[in-house]
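Below is one structure, written out as C-alpha cells; the observations come after it.
When a ligand or atom number is given, it counts from 1 through the structure's own listing order. The structure presented is a predicted model; accordingly, all values stated were derived computationally and were not measured. Throughout, numbering of the chain's residues begins at 1 and tracks the sequence.
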Amino acid sequence: MDETPFGDDTLHEECGVFGIFQRADAAAVVTLGLHALQHRGQEAAGIVSHDGAQFHVERHAGLIGDTFTKAAVLERLPGTAAIGHTRYATTGGGGLRNVQPFFAELSAGGFAVAHNGNITNALTVQRELQRRGSIFSSTSDTETILHLVATSGARMFVDKLIDALSRLEGAFSLVGLSSSSMIGVRDPLGIRPLVLGEFEGAPILASETCALDIIGAEFVRDIEPGEMVVITESGVESIFPFQARRRRFCIFEYVYFARPDSNVEGRNVYDIRKKIGIELARESHVDADVVVPVPDSGVPAAIGYGQEAALPFELGIIRNHYVGRTFIQPTDSIRHMGVKLKHNANRSMIEGKRVVLVDDSIVRGTTSQKIVQMVREAGASEVHMRIASPPTSASCFYGVDTPEKAKLLASRMSIAEMADFIQVDSLAFLSIDGLYRACGEAGRSKISPQFCDACFTGDYPTSLTDQDGADNVRQLSLLGGAG
Ligand code: AMP
C-alpha cells in the first residue's frame with residue numbers, strides 16, 4: 001500500500017452510480033446501467049437490491065460484465081428496487097471492504113448508499129465520530145455519511161439524511177436505497193452529475209444519460225444542484241434542503257470524464273468537445289498537413305480543430321481497445337508499458353507530414369512523451385501538440401483522479417519546458433476562457449465562475465478541511481474517496 005500523502009494509489013477516485021425503483025429484475029437493469037458507466041470506474045462494482053422484505057448485497061472487483069453473472073444478478077439480487085456503483089479504486093483503497101454501495105442496518109431501517117464525488121472534510125468528521133465511539137469498517141469517505149445518518153437526532157429518515165449531508169463539504173452525487181424509497185441528492189454546487197430518467201414508469205437515477213440510453217429509458221431531467229429527490233410508491237418528491245449556492249459543475253467532465261454521447265447539465269458532451277477543438281484551432285494556429293487525435297479522448301476535439309483549421313483529420317494513431325486506461329495503472333513502469341500496448345502509429349497517415357496532435361489533457365506527461373516519440377518514429381516531419389484544455393496544474397479533491405500537485409507536469413514546468421520535455425516542435429493549451437466559450441459562456445466570470453475548474457485554476461469552490469489540517473495529511477493516504 002502506498003502510504004504517501006496524496007499518492008497515486010490513494011484518495012482520489014472516479015465513480016458512476018445508477019438506481020432503478022419499482023421494476024422487475026431491478027438488479028439486472030442496474031447491471032446494464034453500470035456497464036454504460038464503466039468509463040467512470042473499472043476496478044470494482046457493487047449492487048444492493050431490496051425485495052420488499054430484505055436487502056441483498058453483492059460486490060466484486062473487476063468489470064461489471066465479467067463479474068456480475070446471471071446467477072449473481074437474478075438469484076442473489078432479487079427485488080424491484082436496486083442501486084449500484086462502479087468504482088475506480090486503487091491499491092491503497094482497502095480492497096473489497098471499500099466497494100460500494102455501502103449498506104447499514106440503522107435504527108430507521110436498512111439503508112444503502114452509492115456515492116460519486118469526494119467529501120473534503122470526511123476525515124475530520126470521521127475522527128470526531130470515532131472519538132464518540134463510532135466504529136468504521138472501511139476507509140471510504142462514504143461510510144461517514146452512514147454514520148452521520150445513524151447518529152442524527154432528527155426523527156424522520158429523510159431529515160436524518162439531510163442533517164448528515166449538511167455536515168459535509170465537497171462533492172457528492174448520491175443514490176440511496178431504503179426499504180420504501182430511492183433517494184437521489186446532489187451537493188449544493190452540483191459538482192458531479194446526476195440525472196433522473198424513466199423506463200416504462202420506473203424512475204431511474206444515473207450519473208450520465210448514456211446509462212439511460214443503454215436500456216432505452218427516457219431522460220426526464222438533471223437533478224439540480226442542492227436538490228434531493230425522494231422516490232416512493234407515490235412518486236417523485238423534490239426538496240431543496242441546502243442553502244442555495246451558484247452552481248459549479250465540474251468542467252473536466254466536459255473535457256475528459258463524461259462519455260461523449262451523454263448530455264450533462266443541458267449540454268451534449270461530444271458537441272462541447274468539438275467546440276473545444278474549434279476554439280483551440282482559433283487560439284493556436286500552426287501551419288500543418290494533418291490533424292491526428294490521440295484516441296479516444298482526443299477525437300472530438302481533433303474533429304473540431306480540423307474543421308476550423310481546414311486540415312484533413314486522419315486516424316494517425318490506432319488504439320487497441322483491449323487494454324484499460326493507461327492513466328490508472330498503479331506504477332510508473334506499467335503506465336509506460338500501457339502506452340505502448342494501447343497505441344500504435346498508423347505510418348501511412350503520418351510519414352513526411354507536419355502533424356497536429358490533439359489530446360484532451362496532459363497530466364503527468366507520460367502519455368504525450370510516448371505518443372510523440374511514436375509519431376516521430378513513424379516519420380512525421382514536424383509534431384505540434386495541441387491540448388484541448390488549459391494546463392492541469394492543481395489536484396482535484398472532488399472525485400476525479402489526479403495525482404498530487406508535484407506530479408502534475410504543468411505545476412512544475414512552463415509551457416516551453418513542457419514542450420521540451422515531450423519533444424514537440426510546438427505545444428499549446430486551450431485558454432480557460434476558450435474552454436468556457438466552448439461550454440457556451442462568454443468567458444470565465446472572475447466574480448463568480450460558472451464551473452468548478454480547480455484543476456486548471458487552483459480555485460477550489462469549497463473548503464478543503466482535511467487538506468488544511470496539517471495533522472490530517474499523514475492520514476489522508478489511508479482514507480479512500482468515494483469516487
Ligand atoms: P499523462 O500521461 O499522465 O499525462 O496522462 C494524460 C492522459 O490521461 C490524457 O491523454 C487523458 O486522456 C488521460 N486522463 C486525464 N485525466 C484522467 C483521469 N482523471 N483519469 C484517467 N485518465 C485521465
Qualifying residues under side-chain hydrogen bond (donor to acceptor under 3.5 Å, both in side chains), relative to D222, sequence neighbours excluded: none
Atoms of ligand 1 less than 4.0 Å from R364 heavy atoms? 1 (P), 3 (O), 4 (O)
List ligand 1 atoms under 4.0 Å from D401, heavy atoms only on the residue side. 18 (C), 19 (N)
Note: ligand 1 atoms sitting under 4.0 Å from heavy atoms of E14 are 18 (C), 19 (N), 20 (N)
Does T366 approach ligand 1 within less than 4.0 angstrom via side chain, backbone, both or neither, non-hydrogen atoms only? both
Short N or O distance, G365 and ligand 1, threshold 3.5 Å exclusive: yes
Less than 6.0 Å separating the ring centroids of F249 and Y254? yes
Where's the contact between S361 and ligand 1, heavy-atom distance under 4.0 Å: side chain, backbone, both or neither? both
D359 heavy atoms, cut-off 4.0 Å: which ligand 1 atoms fall inside? 9 (C), 10 (O)
Using a strict 4.0 Å cut-off to heavy atoms of V400, name the atoms of ligand 1 that fall inside it. 19 (N)
Does this structure show an ion pair linking R437 with E283, if we count only N-O contacts that are shorter than 4.0 Å? yes
When you compare the side chains of S448 and R246, does any donor N or O come within less than 3.5 Å of an acceptor on the partner? yes
More than 12 heavy atoms of other residues, nucleotides or ligands under 6.0 Å from NE2 of H35: yes or no? no
Verdict with supporting geometry, R186 and E265, salt bridge (Lys or Arg N to Asp or Glu O under 4.0 Å): CA-CA 12 Å; R186 270 178 96 191; E265 295 270 287; 2.8 Å; yes
If you measure from each non-hydrogen atom of T367 to ligand 1, which part falls under 4.0 Å: side chain, backbone, both or neither? both
Residues which pass side-chain hydrogen bond (donor to acceptor under 3.5 Å, both in side chains) with S262, listed by chain and number, not counting sequence neighbours: E208
Taking N or O atoms only and a 3.5 Å limit, does S368 qualify as a polar contact for ligand 1? no
Residue portion contacting ligand 1 (non-hydrogen atoms closer than 4.0 Å) for D360: side chain
Quick one: does D289's side chain have a donor or acceptor within less than 3.5 Å of a partner on R354's backbone? yes
Check each heavy atom of F257 against ligand 1 and say whether those closer than 4.0 Å belong to the side chain, the backbone, both or neither. neither
Do R259 and E253 meet the salt-bridge criterion of a basic N to acidic O distance under 4.0 Å? no
Please identify which atoms of ligand 1 are closer than 4.0 Å to at least one heavy atom of S297. 12 (O)
